[in-house]
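Residue numbers start from 1 in every chain, and the chains themselves are labelled A, B, ... in the order their sequence lines are given, proteins ahead of strands.
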Amino acid sequence: MTIAQRAAATTTTWIDDRIGAGKWLKKNLRKVFPDHWSFMLGEIALYSFILLLLTGVYLTLFFNPSMKEVVYNGSYAPLNGIKMTQAYDSTLRISFDVRGGLLVRQIHHWAALLFVSSVSVHMLRVFFTGAFRKPRELNWVIGVGLMTLAILEGFAGYSLPDDLLSGTGLRIAQGIVLAIPLVGSYVSTFLFGGEFPGTDFIPRLYSIHILLIPGILLGMLTAHLLLVWYQKHTQFPGPGRTNKNVVGFPLFPVYVAKAGGFFFIVSGVIVLISALFTINPIWMYGPYTPDQVTAGSQPDWYIGWLDGAVRVMPNWEIVLWGHNLSLNILVPALIVPGIMFTLLGLYPWIEARATGDRREHHLLDRPRNAPTRTALGAMGLSFYLLIWISGGNDLIAQAFSWSINAITWTIRVLLIVLPPIVFVITRRACLGLQRKDRDKLLHGRETGIIQRLPSGAYQEVHAPLTDDAKAKILSARESYYEPIEAGPAVDANGVAAPKKGRLARRLSKFYFEQRVTPPTDEEIAEGQHHAADDLATVRPAGQITSGH
Amino acid sequence: MTQHPSNEIAAHDQHGAHGAHGEDSLPEIPHVLRQTDIDPRAARRAERQVATMFGLSAVSTILFVVAFVAVKKDSVINLPVIGPIGGQNLALGMASGLALFLIGAGAIQWARKLMSDEEIVDERKSFSSDDETRDAVVEKFRQGTDESGFTKRPIIRRTLLAAMALVPIPAIVLLRDLGPLPEKKFRTTTWAKGKRIVADVSYKPIRPEDIPIGGLVAGALPADIREVEELQGNLNERAKATIILVRMDPSEIRGQQIPGGDVDGIIAFSKICTHLGCPIALYQQRTKHLLCPCHQSTFDLADKGDVIFGPAARRLPQLPIGVDNEGYLVATGDFQEPVGPSFWERG
Ligand code: HEM
Ligand code: FES
């Protein structure tokens, strides 16, 4: 035994004697982790979160979450002598007087952007590949919670430095709170300790940003990862990969090296970006004051869709018996996001209603093989992107000299028209791809070699598929469903069938009425026979054969 | 379609019609040998690459410490494309960024080139327990419920549920002192009859002659705003009282909320957007339109401050103004409707 091996043996023995870790390690040291680039998205989210915890704790050492006014007197000359809150003052100090402070601030902000971005794309990956299906519905719901909290946490952090941009964001948030029916003005005065802006809010937001939400995030993240561990990762279809196995690399050493290495790569890249590109230069915005604003100000990207929704909403307001219902605010800022996140959270059950399928799924769908799901996802995405773009309507107006009025109306119309069109096109595209796959499987792949038939006609030679391609195409069988059929209207005893299930049938029809049947083994066998004939006649390159 | 038996892992052969594609016919998991598997020289080269990256990372960490001490706080470096950037930030960031990145790159290179890249297979088990176990669980639950008498003693059950339903109330009541009740605070501002209007920043009082026709005072406040702020220790009054003043030819004014609320074509409006409270500043002198930079609500100042576009539902409140006996602009009262965003009780 080498020294290292002996050390490892001694350590494991020591731990095993105390907590019996041996069994667990024996089972898990070589635990299998499937590999695919898209599985790294969740990892990026995890690593940027770790970076956020580390840099966040560092920032708390210098940041002063107080709204008490002081006069600035520090290294950033243009603001000397100006009144500002201690929150802003201490952020300036972190940026200009603490060595490396600016770097840590920038890392914190870039990591926050990467965190929300990777969580979002990770969620799209899970959606479009059907990784949320049984038995992983719980983890999907935890994921939706994580996504929501990530956005809130980012907004809370963005609001802490009390610069002109962040204060304006808070003002808008307070306006939204005011619009809540019945209790809005109470909630607002309670949150702000009186009127806006008061002096209580930033200290309160601070506890939320550094303790409450990170605490919940950490707990949910842990649950999320434990479930991934316990249920084992899904895998894409491929040769030798079935619904009953996991194929991949062992935890120790390959996965540890790859995942550990990737942590350092993500951290390194975030730090390098922070070295080179300034994000949120709060010193350029000046301290917050409620009577000033900068034009063309934009929130961080993940708030853009809410901002955009608020912008395109028509100015509807209902006044009844002396009370206001501000639909212009409630709909875009609370109701639509509420519906979006609820639908997202419930999606696994909606789809399960349509399939009637209660099996476990560990093989991922190729998006084309679930045409309706993919089309619904694309439709949702187009809606999201449209309202996100509308969040920059003033920038677009400026860049192209269009009228804001025209842009807003265009987006309003598109919001209604475009998502259904995207749905139809996407579903057709998926079905088309599936048909192509079917052809490939039955007739082989196109080789680009032309052959002349005895009749004199020319035809392309088709070659058999690789194992990999074949496995991928065959996986369509796993994703294939037919609409749920209604039972007989009256059963054997003459009792009318229950109305229940009608909704599920309708849903099922919507999902699976249009479909492509994956080829059966007989069809394939027949197809291969033809292909073999084709191949047998191919001559060395360049020669066109005649005759059989 | 055929109902799938529940609680089972799907196998290919579940779809009877599509024929069996069972475990026995599983193709091999493909594996291609790498250069480093066959050629010891390539392996040694990979080894050297990995070690170099780890070594360079260590050097970068040391450079970080050097930069921390050596690079001045106010040094600025001009980078091509990116532009001027703080020298300290750049040096510290590049050094620590590379130190981290190189460890990662080295580890990945090691894993990809030198560790085994043969994929291994593990079986999955269904998560469901068998029926016997499930029955046993149900039985245990029944036994527990019986022993507790939870079902048989409804009075205990009901009082417990009632108590549990009420117990979160203190947690909500405790939040009461987070702030005062709103009362009428959203309806009034510090403006009052006779209060002088001063320009923002300079805090100088304004005479009508200071504003030419077509002119704009983009921010104005009550003369005593700084004392009020000193007294209250916050910016709350500023957030409500800030106004803008515009002057147009009196004939251009098509309507006012407060008849005669102007001074020779000078009209005062709340600067706080009625949509979500942003201060408004973009005034188009030709059209007399005022545009909010936040969500582009547009108000017509020549016509009662009405909303002509955008998500705001309410017009901008007008502040009635006059001139005091020294010739300075003053308010002649408070706003007649609440400034800022709508709220439930606004009416
Ligand atoms: C998912 C987690 C988090 C997100 C998305 C996030 C996001 C943000 C953002 C966008 C800012 C503004 C940064 C700027 O100045 O440009 C910020 C500030 C701040 N964050 Fe976080 N953060 C997270 C976690 C944490 C944690 C765990 C802590 C502390 C334990 C923390 C402490 C701070 C502090 C003290 C500030 C204000 C200091 C400053 O702005 O310079 N954050 N955060
Ligand atoms: S705050 Fe002015 S338009 Fe929204």
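Side-chain atoms of Leu178(A) and Phe186(B), non-hydrogen and from C-beta on, do get closer than 4.5 Å to each other. Residues Tyr203(B) and Leu221(B) form a side-chain contact, since some pair of their non-hydrogen atoms from C-beta on lies under 4.5 Å apart. A 4.5 Å side-chain heavy-atom check between Leu272(A) and Leu98(B) finds at least one atom pair inside the cut-off. With contacts defined as side-chain heavy-atom distances shorter than 4.5 Å, the pair Tyr255(A)/Pro250(A) does not qualify.
No side-chain N or O of Asn245(A) forms a donor-acceptor pair with one of His362(A) less than 3.5 Å apart. A donor atom on one side chain and an acceptor atom on the other are not found under 3.5 Å apart for Gln296(B) and Thr408(A). Between the side chains of Thr287(B) and Gln284(B), at least one donor N or O sits under 3.5 Å from an acceptor N or O.
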Next on the checklist: Does Thr274(B) form a side-chain contact (heavy atoms from CB on, under 4.5 Å) with Arg315(B)? I'd like the steps, not just the answer.
Outcome noted: CA-CA 7 Å; Thr274(B) 57; Arg315(B) 62 191 188 182; over 6 Å; no
Next on the checklist: With ring-ring contact (aromatic ring centres under 6.0 Å, His included) as the criterion, how do Phe127(B) and Tyr230(A) come out once you've worked through the C-alpha distance, each side chain's angles and the decisive distance to 0.1 Å?
Outcome noted: CA-CA 10 Å; Phe127(B) 294 107; Tyr230(A) 178 67; 5.5 Å; yes
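Only the side chain of Pro135(A) comes within less than 4.5 Å of a heavy atom in chain B; its backbone stays farther off. Interface residue Ile120(B): backbone and side-chain heavy atoms are both found under 4.5 Å from chain A. Only the side chain of Gln174(A) comes within less than 4.5 Å of a heavy atom of chain B; its backbone N, CA, C and O stay farther away. Contact of Phe96(A) with chain B is made through the backbone alone, with heavy-atom distances under 4.5 Å. With a 4.5 Å cut-off on non-hydrogen atoms, Ser297(B) does not touch chain A at all. Using a 4.5 Å cut-off between heavy atoms, Val319(A) touches chain B through its side chain atoms alone. With a 4.5 angstrom heavy-atom cutoff, Ile272(B) touches chain A only via side-chain atoms. Residue Ser75(A) touches chain B through its side chain alone, counting heavy-atom pairs closer than 4.5 Å. Of the two parts of Ser390(A), neither the backbone nor the side chain holds a non-hydrogen atom closer than 4.5 Å to a non-hydrogen atom of chain B. Within the 4.5 angstrom heavy-atom criterion, only side-chain atoms of Arg314(B), from C-beta onward, approach chain A. Contact of Leu102(A) with chain B is made through backbone and side chain together, with heavy-atom distances under 4.5 Å.
Chain A forms the most heavy-atom pairs under 4.5 Å with one residue out of Gln232(B), Gln109(B), Arg238(B), Arg346(B), and that residue is Arg238(B). Interface summary for chain B: among Val312(A), Asp97(A), Asp468(A), Asp200(A), the most heavy-atom pairs under 4.5 angstrom belong to Asp97(A). The greatest number of non-hydrogen atom pairs below 4.5 Å with chain B, out of Val310(A), Val177(A), Thr168(A), is found for Val310(A). Annotation: maximal heavy-atom pairing with chain B below 4.5 Å, among Gly198(A), Ser326(A), Pro314(A), occurs at Gly198(A). Of the listed residues (Leu325(A), Leu191(A), Leu327(A), Asn393(A)), the greatest number of heavy-atom pairs within a distance under 4.5 Å of chain B belongs to Asn393(A). When each of Pro253(A), Ala179(A), Ala173(A) is checked for heavy-atom pairs under 4.5 Å with chain B, Pro253(A) comes out on top.
Enclosure of atom NZ in Lys232(A) by more than 12 non-hydrogen atoms of other residues, nucleotides or ligands within 6.0 angstrom is indicated.
Taking the ring-ring contact (aromatic ring centres under 6.0 Å, His included) definition, one finds that Phe299(B) meets it with nothing, sequence neighbours left out. For Glu118(B), there are no salt bridge (Lys or Arg N to Asp or Glu O under 4.0 Å) partners two or more places apart in sequence or in a different chain.
Under the side chain to side chain donor-acceptor pair (under 3.5 Å) criterion, no residue pair touches residues 87-99 of chain B, with sequence neighbours excluded.
In this structure a side-chain-to-backbone donor-acceptor pair under 3.5 Å is missing from Arg112(B) to Met115(B).
Residues of residues 65-74 of chain B that come within less than 4.5 angstrom of chain A, heavy atom to heavy atom, are Phe68(B), Val69(B), Lys73(B) in numerical order.
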